[in-house]
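Heads up, the thing below is written out as structure tokens.
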Amino acid sequence: MRSTLTTVLGAGAALTLLLTACEGEGAGTGDGAGGDGDAAPEDMTIGVAMPTQTYERWLQDGGSIEQGLEDLGYGVDLQYADDDIPTQSQQIDQMITQGVDALIVASIDGSALTSQLDAAAAADIPVIAYDRLLTNSADVDFYVTFDNYEVGVNQAKSLLYGLGVLDESFEDSDDAPEGPLNIELFAGSLDDNNSHLFWQGAIETLEPYLEDGTLEVPSGQDSIEQAAIQRWEQETAQERMENLLTSHYSGDDELDGVLAPADPLSRGIITALRNDGWGPSIEDGMPIVTGQDAEIASISLIDQGIQHSTIFKDTRLLADEAVRAAEAYLQGEEPEANDTETYDNGEIVVPSFLLEVEMVLQDNYEEILVDSGYYTEEQVESGQL
Ligand code: BGC
């Protein structure tokens with residue numbers, strides 16, 4: 001039968017017919033639905049692996065991706081892994097065994113999923129790395145993220161601005177304090193590729209001021225390894241800040257600023273500072289503390305003049321990009337990348353789609369976050385969603 005068809009219609013048309021015949025079996029068939037483009041969304045399931053529910057952002061990311069995919073008719077298997085690598089590996093193994101048609105993965109440790117990625121490739125399941133790069137594997141199809149280097153640049157610029165080194169146009173200020181201004185540095189988890197880009201962007205921006213003596217790091221802890229907070233844990237950041245205060249600021253030493261890479265860490269650092277008698281607000285001597293993610297509790301602290309800044313990354317837009325990429329693969333197409341150079345994962349340069357980020361300060365949070373409808377004024381006041 002098949003050979004007759006081949007003779008009559010030609011190989012290409014026969015292939016189309018064969019693939020059409022597989023259609024309708026849906027997820028679980030292992031038929032490589034990522035490639036045929038003919039199955040109906042209702043017959044397809046997308047596995048979405050998220051790292052943790054302890055950070056507000058991942059809850060929003062997961063919720064937005066799920067909603068976006070369901071709106072298009074796809075089934076969704078959304079799993080959170082409690083920041084535990086074996087749990088995340090098992091969840092993805094299971095998604096593959098159950099025959100998901102595509103995977104969207106926000107990893108805990110970007111290098112720990114190579115065997116899952118092998119298995120996904122063998123089953124012809126397209127894999128989209130979400131926000132965090134999946135490394136050491138050629139089996140990563142696409143990457144959606146923010147401009148992570150720019151996150152670090154903006155964190156450092158907001159720190160320099162808060163310290164009075166830069167003016168409101170983010171140029172060197174004519175009235176910059178003499179210095180040295182004392183700062184301490186925090187970084188994210190070393191197994192998250194983003195941490196390195198955030199750090200690089202921040203340090204390259206701070207470097208000239210560290211070199212000319214405007215800034216100093218009294219603890220001497222100025223390498224990413226010394227500054228890193230394993231698994232991005234708030235308590236660990238608080239503890240490290242407490243230790244820094246005890247070891248280096250027990251006398252009259254002034255601490256002027258802290259580079260903090262994410263809002264929960266900023267709040268841990270602020271708690272340590274408050275407990276040690278700093279503040280309560282920047283006006284009363286709380287050091288300039290940066291952040292990331294524009295979490296509601298931190299926006300409330302920014303409103304109150306306690307935390308200095310954060311970086312807004314609109315996770316709704318990132319979720320849209322992930323949905324768009326998944327849909328492209330499921331329709332047998334390639335998603336459109338806007339960066340094909342930056343994200344070398346150690347095996348391949350992963351085609352990526354990068355979104356822009358915005359610095360948030362006390363005088364612009366209303367415009368960026370409230371006027372745009374991201375948060376209500378009541379949420380900012382209560383510090384809760
Ligand atoms: C994300 C940040 C987040 C951090 C901790 C990073 O990979 O890009 O937005 O704050 O992980 O969850």
Side-chain angles (χ1 to χ4, degrees), residues 54-57 155-156 158-165 177 180-189 198 202 206 215-222 226-312 359-365 369 375 378-385:
T54 60
Y55 268 60
E56 199 174 288
R57 69 152 293 180
Q155 287 170 335
S158 77
L159 178 61
L160 291 165
Y161 171 59
L163 294 171
V165 176
L181 297 162
N182 291 337
I183 61 166
E184 294 297 337
L185 308 169
F186 283 69
S189 198
F198 300 154
L206 296 176
L215 301 179
E216 240 174 49
V217 181
S219 70
Q221 298 184 15
D222 58 2
Q226 290 168 312
I229 299 299
Q230 174 73 353
R231 275 305 94 75
W232 295 92
E233 275 181 10
Q234 179 163 343
E235 300 70 33
T236 315
Q238 182 175 333
E239 267 166 41
R240 176 162 183 260
M241 190 70 246
E242 285 163 359
N243 292 337
L244 288 170
L245 290 170
T246 313
S247 322
H248 303 282
Y249 299 89
S250 48
D252 290 339
D253 300 319
E254 203 46 49
L255 174 62
D256 300 294
V258 181
L259 175 79
D263 287 343
L265 307 191
S266 319
R267 296 198 297 276
I269 291 163
I270 287 170
T271 303
L273 287 163
R274 275 178 155 177
N275 292 345
D276 198 46
W278 302 74
S281 68
I282 297 171
E283 262 188 2
D284 314 312
M286 172 63 72
I288 300 297
V289 180
T290 66
Q292 174 172 202
D293 291 338
E295 286 196 356
I296 191 62
S298 285
I299 295 303
S300 186
L301 290 179
I302 289 173
D303 176 45
Q304 295 168 63
I306 298 169
Q307 183 173 325
H308 171 65
S309 62
T310 187
I311 307 295
F312 177 48
M359 184 197 298
V360 174
L361 301 160
Q362 195 183 34
D363 62 11
N364 71 5
Y365 84 81
L369 298 167
Y375 292 138
E378 293 69 47
Q379 289 172 326
V380 174
E381 260 158 46
S382 67
Q384 283 175 351
L385 292 181

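Note that the structure is predicted; figures quoted are calculated from it, not measured. Throughout, residue positions are numbered sequentially from 1 according to the sequence presented.
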Notebook entry, point to check: If every non-hydrogen atom of Met286 is compared with every non-hydrogen atom of Pro280, which pair is closest and at what distance?
Noted result: CE-O, 3.9 Å
Checklist line | From CA spacing to verdict: side-chain contact (heavy atoms from CB on, under 4.5 Å), Phe186, Leu244 | finding: CA-CA 11 Å; Phe186 283 69; Leu244 288 170; 4.0 Å; yes
Note to self: Walk me through whether Asp303 and Ser300 qualify under side chain to side chain donor-acceptor pair (under 3.5 Å).
What the structure shows: CA-CA 5 Å; Asp303 176 45; Ser300 186; 5.5 Å; no
Margin query: Under 3.5 Å, is there a donor on one side chain and an acceptor on the other for Asn243 and Thr246?
Written below: no
Note to self: Measuring only between side-chain heavy atoms, which start at C-beta, is Tyr249 closer than 4.5 Å to Asp276?
What the structure shows: no
Notebook entry, point to check: How many angstroms lie between atom CD of Gln362 and atom CG of Leu301, to the nearest 0.5 angstrom?
Noted result: 11.0 Å
Checklist line | From CD (Glu381) to CD1 (Ile296), nearest 0.5 Å | finding: 10.5 Å
Next item on the list: First locate atom OG1 of Thr236, then atom CD of Gln234, and finally report the distance between them rounded to the nearest 0.5 Å.
Entry: 9.5 Å
Checklist line | Note, Asp293 side chain near Glu56 side chain (heavy atom, < 4.5 Å) | finding: no
Next item on the list: Could you check His248 against Asp253 for side-chain contact (heavy atoms from CB on, under 4.5 Å), going step by step and ending with a plain yes or no?
Entry: CA-CA 8 Å; His248 303 282; Asp253 300 319; 5.9 Å; no
Check: Please, which pairs that meet salt bridge (Lys or Arg N to Asp or Glu O under 4.0 Å) have at least one residue in residues 237-249, sequence neighbours excluded?
Finding: none
Next item on the list: Of all the heavy-atom pairs spanning Gly305 and Ser281, show the shortest one and how long it is.
Entry: O-CB, 3.5 Å
Margin query: Set out, in order, the CA-CA distance, both residues' side-chain angles and the distance that settles side-chain contact (heavy atoms from CB on, under 4.5 Å) for Glu216 and Leu181, then state yes or no.
Written below: CA-CA 6 Å; Glu216 240 174 49; Leu181 297 162; over 6 Å; no
Check: Can any side-chain N or O of Gln155 pair as donor or acceptor with the backbone N or O of Ile311 at less than 3.5 Å?
Finding: no
Margin query: Under the criterion side-chain contact (heavy atoms from CB on, under 4.5 Å), I'd like the reasoning laid out for Leu206 against Leu185: C-alpha separation, chi angles, the key distance, then a yes or no.
Written below: CA-CA 11 Å; Leu206 296 176; Leu185 308 169; 4.0 Å; yes
Notebook entry, point to check: Once the angle between the rings of His308 and Tyr161 is folded into 0 to 90°, is it parallel (under 30°), tilted (30 to 60°) or perpendicular (over 60°)?
Noted result: tilted
Check: Distance from Ser309 atom OG to Ile288 atom CD1, nearest 0.5 Å?
Finding: 8.0 Å
Note to self: Return the CG to CD distance between Leu273 and Gln238, rounded to the nearest 0.5 Å.
What the structure shows: 9.5 Å
Next item on the list: For residues Leu245 and Asn275, determine if any side-chain heavy atom of one lies less than 4.5 Å from a side-chain heavy atom of the other.
Entry: no
Exercise answer: donor-acceptor pairs, residues 254-270 side-chain atoms, under 3.5 Å, sequence neighbours excluded:
| residue | atom | partner | partner atom | Å |
| --- | --- | --- | --- | --- |
| Asp256 | OD2 | Asn182 | N | 2.7 |
| Asp263 | OD1 | Gln292 | N | 3.0 |
| Asp263 | OD1 | Gln307 | NE2 | 3.1 |
| Asp263 | OD1 | Thr310 | OG1 | 2.9 |
| Asp263 | OD2 | Ala294 | N | 3.0 |
| Asp263 | OD2 | Glu295 | N | 2.8 |
| Asp263 | OD2 | Thr310 | OG1 | 3.1 |
| Ser266 | OG | Ala262 | O | 3.0 |
| Ser266 | OG | Thr290 | O | 2.8 |
| Arg267 | NH1 | Glu295 | OE1 | 3.1 |
| Arg267 | NH1 | Ser298 | OG | 2.9 |
| Arg267 | NH2 | Glu295 | OE1 | 2.8 |

